[in-house]
Amino acid sequence: MEHQRRSKISDLLKSKEYGKEVLVKGWVRTRRGNKNVNFIALNDGSVVHHIQVVAEVANFDENLLKLVTTGSCLAVKGVLVESQGQGQNVEIQAREIEVYGSADAETYPLQKKGHTLEFLREIAHLRPRTNTFGAVLRIRHAMAYAIHKYFNDQGFFYIHAPIITGSDAEGAGAMFRVTTLDAGNPPRLPGGEIDYAQDFFGKETNLTVSGQLEAELAAMALSLVYTFGPTFRAENSNTPRHLAEFWMIEPEMAFYDINDNMDLAEEFLKYLMQYALDHCYDDLEFLNKMYDNELIDRLKGVIGSSFERLTYTKAVEILMASGQTWEYPVSWGADLQAEHERYLVEKHFGKPVILTDYPKDIKAFYMKQNTDGKTVRGMDVLFPKIGEIIGGSQREENLDALMNRIHEMNIPEKDVWWYLDTRKFGTTPHAGFGLGFERLILFVTGMANIRDVIPFPRTPKNAEF
RNA sequence: UCCUCCUUAGCUCAGUUGGUUAGAGCAUCUGACUGUUAAUCAGAGGGUCGCUAGUUCAAGUCUAGCAGGGGGAGCCA
């Protein structure tokens, strides 16, 4: 039966070519029936829905049908017909069934009944075969594609930032060391310290925590650029919003100020929400029904809203005047806590919020300093349910001002000489932001735990698979 | 890392003031059933109660430590 072309189930479910001979291949979700007829729900991952294969028992070897278990993989040749039963429009009257691989029913861990997400995490190698993870992975793909499409259409260039970095200057968190030295017996200097001169790169190296500094270098030549790659944080964070390995999108734009930056962030996010609604509606509907009844409304809400923009100082005033009691007190100069951000987004404004002009002492060295001497042109985009989805800023383009901050924050100049060169040679105002890809997927899928929106999550004490 | 909760059959969970042989639903297996929709009906098999110590005549149940997991917090994206 190999000469015929395989039809995707997504296409067949939309087809009206009744009577046509078709070939489908996929994995069995359930088989049920009686001594006369079997119904096989087959899924090939092209769409969340299954196609129903109808097998008249008399037409098949009994031993063959026994191999058609939940989880087994089949090729089915048959005729596409209008369904006689309720629940589906089309089905396949099977003529030939080939079992590529059966799945032992006693030991196959996935049942046709639902499983908890916690259990599925323990079998992450098989969970793509569930409706939930099929939907999440298709949406994840669509968002990755939409990100590239958006930036490409806007004239941005995709920059590949290095994954191994010799700089520790991003200050974005603890790093994973990269080394080829023998951990049990590293070469040592006379004083006892490890001699990294003998390491692969001749110096200490780590996995990147951000591609931003490299993106800035490229923006100083190509004007509009973005990175989209994996980043790594060795923080001992055990929350439903953190991963040790995650993907980040970091656009960087020459000639943009903080307002241009906010405009881009807002338009970009709305584009992605709209793309999901336009291209992943079946999957969103499934997730909306199974996990989060407000998912689709929330996505539409973001698209239809105008993000509230206000300064950190104004936000502090609102919080102090709110009459709320806080676990962490609000005061100018302290970073806002999750409870404060949630109040602003979910209670006070009821829509996404962009906060700007934070105290310089709670933000990174590269942010553009305001003339008040106290604040910097940082911006955080806060979303309902997940909090900070984007963090960005206009960058400090003035060499002297940047040098001052580097000295104040004790960043070794020798580690960032190449970054400083951009301010020495042809500097210009520029801005950018970082979007955590998995945080975006959390929001778009309505899933509650970030471990369920990446195929193989890396978290403290867990690097299985 | 801090606070808190959880860990009993393949999965989801009951399990009384500590007391004989640890239960249910689903799944699996066997059988029944002429089109099912997480099919239905009948029967059967399936357990080192997370691990290690301790208290006790007796521990799934009480205590401590450890491990793993969930939720909240911090760090952040």
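So you know, we letter chains A, B, ... as the sequences are listed, proteins then strands, and number each from 1.
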Quick one: does A/Leu120's side chain get under 4.5 Å of A/Leu110's, heavy atoms only? yes
Taking the same atom, C1', in B/A59 and in B/G50, what whole-Å distance lies between them? 16 Å
To the nearest Å, give me how far apart CD (A/Glu327) and P (B/C2) are. 17 Å
To the nearest Å, give me how far apart CZ (A/Phe246) and P (B/C76) are. 12 Å
Parallel, tilted or perpendicular, judged at 30° and 60°: which one describes the rings of A/Tyr145 and A/Tyr275? tilted
Base, sugar-phosphate alone, or nothing: which one does A/Gln93 contact when heavy atoms must sit under 4.0 Å apart? base
Going by the angle between their ring planes, with limits at 30° and 60°, are A/Tyr312 and A/Tyr358 parallel, tilted or perpendicular? tilted
Taking atom types as modelled, find out whether A/His430 and A/Arg395 have a side-chain donor-acceptor pair closer than 3.5 angstrom. no
Could you tell me how far apart A/Asp104 (CG) and B/A27 (P) are, to the nearest whole angstrom? 17 Å
Over all strands shown, is A/Glu91 touching base, sugar-phosphate only, or nothing at heavy-atom distances under 4.0 angstrom? base
Can you tell me if A/Asn370 and A/Asp357 form a side-chain donor-acceptor pair at under 3.5 Å? yes
Contacts of A/Asp380 and A/Asn449 projected onto RNA chain B by closest heavy atom; the upstream (5') one is A/Asn449
Mind checking who B/G68 pairs with, Watson-Crick or G-U wobble, both distances under 3.5 Å? B/C6
Do you know which two heavy atoms are closest between A/Pro251 and A/Phe156, and how far apart they sit? CB-CE2, 4.1 Å
Could you please name the option among B/G68, B/G35, B/G72 that lies closest to any side-chain atom of A/Pro240? B/G72
Residue pairs meeting side chain to side chain donor-acceptor pair (under 3.5 Å), one or both in residues 327-337 of chain A, sequence neighbours left out, come to A/Thr313-A/Trp332
Nearest-Å distance, CG (A/Asn236) to P (B/C76)? 15 Å
If the sugar-phosphate is the primed atoms plus P, OP1 and OP2 and the base is the rest, what is the B/S/- string for nucleotides 4-13 of chain B, using protein heavy atoms under 4.0 Å? ------BSS-
Using the C1' atom as the point on both nucleotides, what is the distance between B/G19 and B/G65, in whole Å? 28 Å
Can you find a donor-acceptor N/O pair under 3.5 angstrom joining the side chain of A/Ser237 to the base of B/C75? yes
Can you say whether the rings of A/Phe433 and A/Phe268 are parallel (under 30°), tilted (30 to 60°) or perpendicular (over 60°)? tilted
Name the nucleic acid region contacted by A/Gln84, choosing base, sugar-phosphate or nothing; use a 4.0 angstrom heavy-atom cut-off, strictly under. base
Which residue lies toward the 5' end of RNA chain B, A/Leu435 or A/Lys461, if each is placed at its nearest nucleotide? A/Lys461
Record whether the side chain of A/Gln52 comes under 3.5 Å of the base of B/U36 through a donor-acceptor pair of N or O atoms. yes
Just to be sure I understand the rule, does A/Tyr328 reach a base, reach only the sugar-phosphate, or reach nothing, if contact means heavy atoms closer than 4.0 Å? sugar-phosphate
Interatomic distance where CH2 belongs to A/Trp326 and P belongs to B/G74 [whole Å]: 13 Å
Nucleotide forming a Watson-Crick or wobble pair with B/U63, both distances under 3.5 Å: B/A53
Using the P atom as the point on both nucleotides, what is the distance between B/A27 and B/A38, in whole Å? 12 Å
How far, in whole Å, is B/A22 from B/G60 if one measures between their P atoms? 10 Å
Taking the same atom, P, in B/A58 and in B/G54, what whole-Å distance lies between them? 12 Å
Could you check which of B/G70, B/C75, B/C76 has an atom nearest any side-chain atom of A/Arg451? B/G70
Working to the nearest 0.5 angstrom, can you tell me the gap between A/Asn152 CG and A/Gln154 CD? 9.5 Å
Rounded to the nearest Å, what distance is computed from the CD atom of residue A/Glu62 to the C1' atom of nucleotide B/U30? 13 Å
Of residues 29-44 of chain A, the positions that come close to RNA chain B - non-hydrogen atoms, cut-off under 4.0 Å: A/Thr30, A/Arg32, A/Gly33, A/Asn34, A/Lys35, A/Asn36, A/Phe39
Please state how far atom CD in A/Glu341 lies from atom C1' in B/C75, giving the value in whole angstrom units. 13 Å
Heavy-atom side-chain contact between A/Lys360 and A/Lys374 under 4.5 Å: no
For the C1' atoms, the ones on B/G15 and on B/A24, what distance do you get once it is rounded to whole angstrom? 11 Å
Nearest-angstrom distance, C1' atom, B/C49 to B/G43: 27 Å
Do A/Leu355 and A/Leu382 make a side-chain contact, defined as non-hydrogen atoms from C-beta onward lying under 4.5 Å apart? yes
Quick one: A/His50 NE2 to B/A38 C1', roughly how many Å, whole number? 11 Å
With both distances under 3.5 angstrom, what nucleotide forms a Watson-Crick or G-U wobble pair with B/A22? none
Span that lies between the P atom of B/C6 and that of B/G74, in whole angstrom: 24 Å
